[in-house]
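Worksheet: the structure to be examined is printed underneath.
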Amino acid sequence: MATAAGAYNKSISELDTLITSLESHLGVSSSTPAPLPSHPTPSSSSTPSSTTSSSTSSTSTTPSSTATPSTSSTSTPTPSTSTPAAKSQPQSKKSTGPAAKKAPTPYDQFYKSHLQVGKLTSVAKHPSADKLYLCSVQISATETRQLVTGLVTHYPVSALQDRYVVVITNLPPKKLVGIESKAMLLAGDDGGGEAVVVKVLDPPKGVEIGDWVWLEGDEEQEGATEKINDKQWKKVVEDLKVKGGKATYKDKALVTKHGAITVETLADGSGIH
């Protein structure tokens, strides 16, 4: 029995030595119970932390994704902004309506008269009047009119034949000693009674048959097409005068696209009719 007890004690002693050696190797004391591993626990507890963080970031991104519909909802009014533009179109049509009438000017009466350049293609004595010529005046490429004028005592036939003159063509036709005159030739005179000096208005060089006559400083205008009566023409004649060798109306020169209408040798103030 003593031998068995001694062997048991020896084994216990060897076991204690082994445990001591092992504890020394592990850096623990046998008097302090070995703590349970604590490192995995924080690590595993960090998992919820990261999950929370992930959840937080996921939550934070959710509003940004919900902002997308908000952006698209703000873009919805875009079609409505185009609607007013479409409504403004009728207004632009109104602005393209007829232009307002021009204010009256002192020269409106003149432009009721159709004055133009014509060419005397034939000149002959009136068969029934010694002081009258019976002429043909070409006023366009396709129209020639009969004209009666009292220039026999002022111009020989040769001075008038094929001459360019200024005529008014929208007066009503008038019979002179039984022959109808459908145009009137314009001339100036010095008002000298029986010794009156009469000069035909001269268009500038380079004119063509049918050239319009208008007033200097105005835009080129076509002659009036409506007829005027003798009273209306008389109002125009009152202000037709010679000035500086030119035919004028209220001090504005009568012109064509080639230049001014002139009146040879007549003094300023001489009348034109």
Side-chain angles (χ1 to χ4, degrees), residues 110-189 197-216 218 220-228 233 236-237 240-242 245-249 252-266 270-273:
F110 174 86
Y111 285 113
K112 293 179 180 178
S113 310
H114 185 155
L115 300 183
Q116 67 167 90
V117 174
K119 183 179 181 181
L120 297 174
T121 55
S122 71
V123 181
K125 287 284 190 74
H126 191 292
S128 305
D130 292 340
K131 294 184 178 181
L132 299 178
Y133 282 129
L134 176 60
C135 310
S136 293
V137 58
Q138 185 178 355
I139 59 172
S140 73
T142 57
E143 186 178 4
T144 299
R145 293 189 185 183
Q146 184 172 267
L147 179 152
V148 179
T149 181
L151 293 175
V152 171
T153 58
H154 305 287
Y155 286 93
V157 171
S158 60
L160 296 176
Q161 183 67 49
D162 296 325
R163 184 170 184 151
Y164 287 93
V165 293
V166 176
V167 294
I168 176 171
T169 61
N170 66 331
L171 284 170
K174 182 179 290 187
K175 280 190 176 182
L176 296 174
V177 193
I179 295 181
E180 193 172 59
S181 181
K182 296 183 178 180
M184 180 184 289
L185 180 153
L186 270 63
D189 69 72
V197 176
V198 176
K199 294 296 178 181
V200 172
L201 269 58
D202 287 318
K205 292 181 179 180
V207 292
E208 299 175 358
I209 294 168
D211 281 356
W212 312 114
V213 176
W214 65 94
L215 298 176
E216 188 175 34
D218 295 346
E220 179 177 354
Q221 299 188 33
E222 296 184 359
T225 55
E226 295 182 3
K227 295 286 185 182
I228 62 170
W233 174 237
V236 177
V237 168
L240 287 172
K241 305 291 182 183
V242 176
K246 296 179 181 179
T248 67
Y249 177 77
K252 293 183 85 169
L254 276 61
V255 297
T256 72
K257 60 185 177 183
H258 295 283
I261 307 295
T262 56
V263 190
E264 184 184 2
T265 69
L266 288 182
S270 297
I272 297 171
H273 52 80

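Being a predicted model, the structure only gives us computed values, none of them experimental.
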Run the side-chain contact (heavy atoms from CB on, under 4.5 Å) check on I272 and Y249 step by step: do they pass? CA-CA 10 Å; I272 297 171; Y249 177 77; over 6 Å; no
Kindly check if the number of other-residue, nucleotide or ligand heavy atoms within 6.0 Å of [atom1] ([X]) is above 12?
X	atom1	value
K131	NZ	no
D130	CG	no
E220	CD	yes
K246	NZ	no
K182	NZ	no

From K199 atom NZ to L266 atom CG, the distance as rounded to the nearest 0.5 Å: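 Nearest 0.5 Å value for the NZ-CG distance: 7.5 Å.
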For the atom pair OG1 (T153) and CG (L132), what is the distance rounded to the nearest 0.5 Å? 10.0 Å
If we only count heavy atoms from C-beta on, is the [X] to [Y] side-chain gap below 4.5 Å?
X	Y	value
D202	R163	yes
Y155	V123	no
V263	S270	no
L120	Q161	no

